[in-house]
Structures are given as structure tokens and as C-alpha cells.
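Scroll down for the structure; my scribbles are underneath it.
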Amino acid sequence: MSDRIRLEDLRPADGANGKIKRVGRGRSSGWGKTSCRGNNGEGQRAGRSSKRGFEGGQMPGYRQMPKLKGFKNFNAVLTGSINVSDLENIDADLITLEVLQKSGKISDKVEVLRVLGNGEIKKAVKVSANYFTESAKEKIEKAGGKAQLI
């Protein structure tokens with residue numbers, strides 16, 4: 001004979017075919033009397049199906065969890081602020097958001113720069129930002145610098 005596979009030689013894989021569980025066919029079958037449903041309770045009755053997340057009357061996990069508070073605004077613009085006293089330590093004639101990000105004073109994720117008036121500045125620098133407080137603008141101009149709005 002040849003080594004070809006013939007139709008009559010085909011067999012299902014091991015464990016693919018098992019005994020069908022025919023419940024309610026007498027006690028000697030092993031699945032008689034209560035037909036694997038137990039003795040009492042709602043699971044014994046016909047047509048019983050549980051809801052998703054049902055835990056037998058116990059308070060379900062999704063209701064035990066605390067509710068999330070608030071929401072995250074995905075359209076929010078991340079604002080970074082810096083004080084006038086921190087501008088003193090930066091070695092640049094023109095201080096912008098990019099310069100502050102490169103020096104590590106402000107996070108790279110920040111999109112809008114605010115200059116606040118806390119502290120003193122003695123160095124004359126030109127600062128370009130989206131927002132200045134009145135005191136910050138005064139202090140920069142008093143030191144001989146310029147506060148420029150973007």
C-alpha cells in the first residue's frame with residue numbers, strides 16, 4: 001500500500017469527542033433526579049438565567065466601587081507659571097517658553113507661559129510670555145527689561 005492518507009484512516013484528535021451529558025435520564029446515569037441543578041433555589045427552576053454581574057443577591061462589585069469624581073477635560077491647555085525671581089538665574093537675552101523648557105524650569109508638556117510677580121529681578125531681560133501679572137511686568141521693566149505678550 002502507499003503512504004497516502006485515506007478517508008477511512010481519519011480519526012478525530014484525542015479528547016475532541018467526549019460523552020454527551022444527557023441529564024434527567026434516570027439515577028443510574030449519574031445525572032438523574034435533580035439533573036445537576038441541586039435541591040432547591042432559583043437555579044433549580046426552568047428558565048433561570050442570571051444577569052451579567054449578578055452575585056447571588058450580594059451587593060455586586062461594580063456597585064461596591066466608589067464612583068469616579070469629576071472628569072478629565074481633553075481640550076484643556078496646560079499652563080506653566082514662573083516667578084520673576086526665577087528669571088534671574090537664566091542665561092539668555094530673550095526668555096521664552098522654549099528656553100525655559102530646555103533649561104528644565106518648566107515641563108515639556110506646557111503650552112502656555114504665565115509670569116508671576118513673586119520675588120525680585122535685577123537683570124535686564126526681554127521676556128516673551130502669554131500672560132504677565134501687573135507686578136511682574138512692573139518689576140521686569142523697572143530692571144530695564146521688556147515684557148512682551150505673545
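Worth saying up front: this structure is predicted, and the values here are computed from it rather than measured.
Taking all atoms of both residues into account, the shortest heavy-atom contact from Ile121 to Ala143 is O-CB, 3.5 Å. Listed here is the closest heavy atom pair of Gly117 and Val84: CA-CG2, 3.8 Å. Across every non-hydrogen atom of Met59 and Gln64, the tightest pair is O-NE2, 2.6 Å. Across every non-hydrogen atom of Ala92 and Val99, the tightest pair is CB-CG1, 4.1 Å. Smallest separation of non-hydrogen atoms from Gly57 and Phe54: N-CZ, 3.5 Å. Between Tyr131 and Arg114 the shortest heavy-atom distance is CE2-NH2, 3.2 Å.
Rounded to the nearest 0.5 angstrom, Ile82 CD1 and Ile106 CD1 are separated by 5.0 Å. To the nearest 0.5 angstrom, Glu42 atom CD is 9.5 Å from Ser49 atom OG. The NZ atom of Lys139 sits 4.5 Å away from the CD atom of Glu120 when rounded to the nearest 0.5 Å. Between the CG atom in Asn83 and the OG1 atom in Thr133 there is a gap of 8.5 Å [rounded to 0.5 Å]. For the atom pair CG of Asn130 and CD1 of Ile150, the computed distance is 4.5 Å after rounding to the nearest 0.5 Å. Distance CG/Leu116 to OG/Ser135: 8.0 Å, rounded to 0.5 Å.
The main-chain N or O of Arg37 is never found under 3.5 Å from a side-chain atom of Ser35 such that the two would form a donor-acceptor pair. Proximity of a side-chain donor or acceptor of Arg25 to a complementary backbone N or O of Val23 within less than 3.5 Å is detected. With hydrogens and angles ignored, the 3.5 Å screen pairs no side-chain donor or acceptor of Gln148 with any backbone N or O of Lys126.
When side chains are defined from C-beta on, Leu87 counts as touching Ile140, because their heavy atoms get closer than 4.5 Å.
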Exercise for review: List the steps, then state whether side-chain contact (heavy atoms from CB on, under 4.5 Å) holds for Phe132 with Val127.
Suggested key: CA-CA 10 Å; Phe132 292 91; Val127 184; 3.8 Å; yes
Exercise for review: List the steps and the verdict of side-chain contact (heavy atoms from CB on, under 4.5 Å) for Leu94 and Lys146.
Suggested key: CA-CA 9 Å; Leu94 174 64; Lys146 186 176 179 186; over 6 Å; no
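Atom NZ of Lys102 has 12 or fewer neighbouring heavy atoms from other residues, nucleotides or ligands inside a 6.0 Å radius. Heavy-atom neighbours of Glu134 CD from other residues, nucleotides or ligands within 6.0 Å: at or below the threshold of 12. Under a cut-off of 6.0 angstrom, the local environment of CG in Asp9 is crowded, with over 12 non-hydrogen atoms contributed by other residues, nucleotides or ligands. The number of heavy atoms from other shown groups lying within 6.0 Å of CG (Asn89) is above 12. Heavy-atom neighbours of Leu10 CG from other residues, nucleotides or ligands within 6.0 Å: above the threshold of 12.
Cluster annotation: Leu149 is not connected to Val77 through the hydrophobic network of ILVMFWY side chains, with a link wherever side-chain heavy atoms come within less than 4.5 Å.
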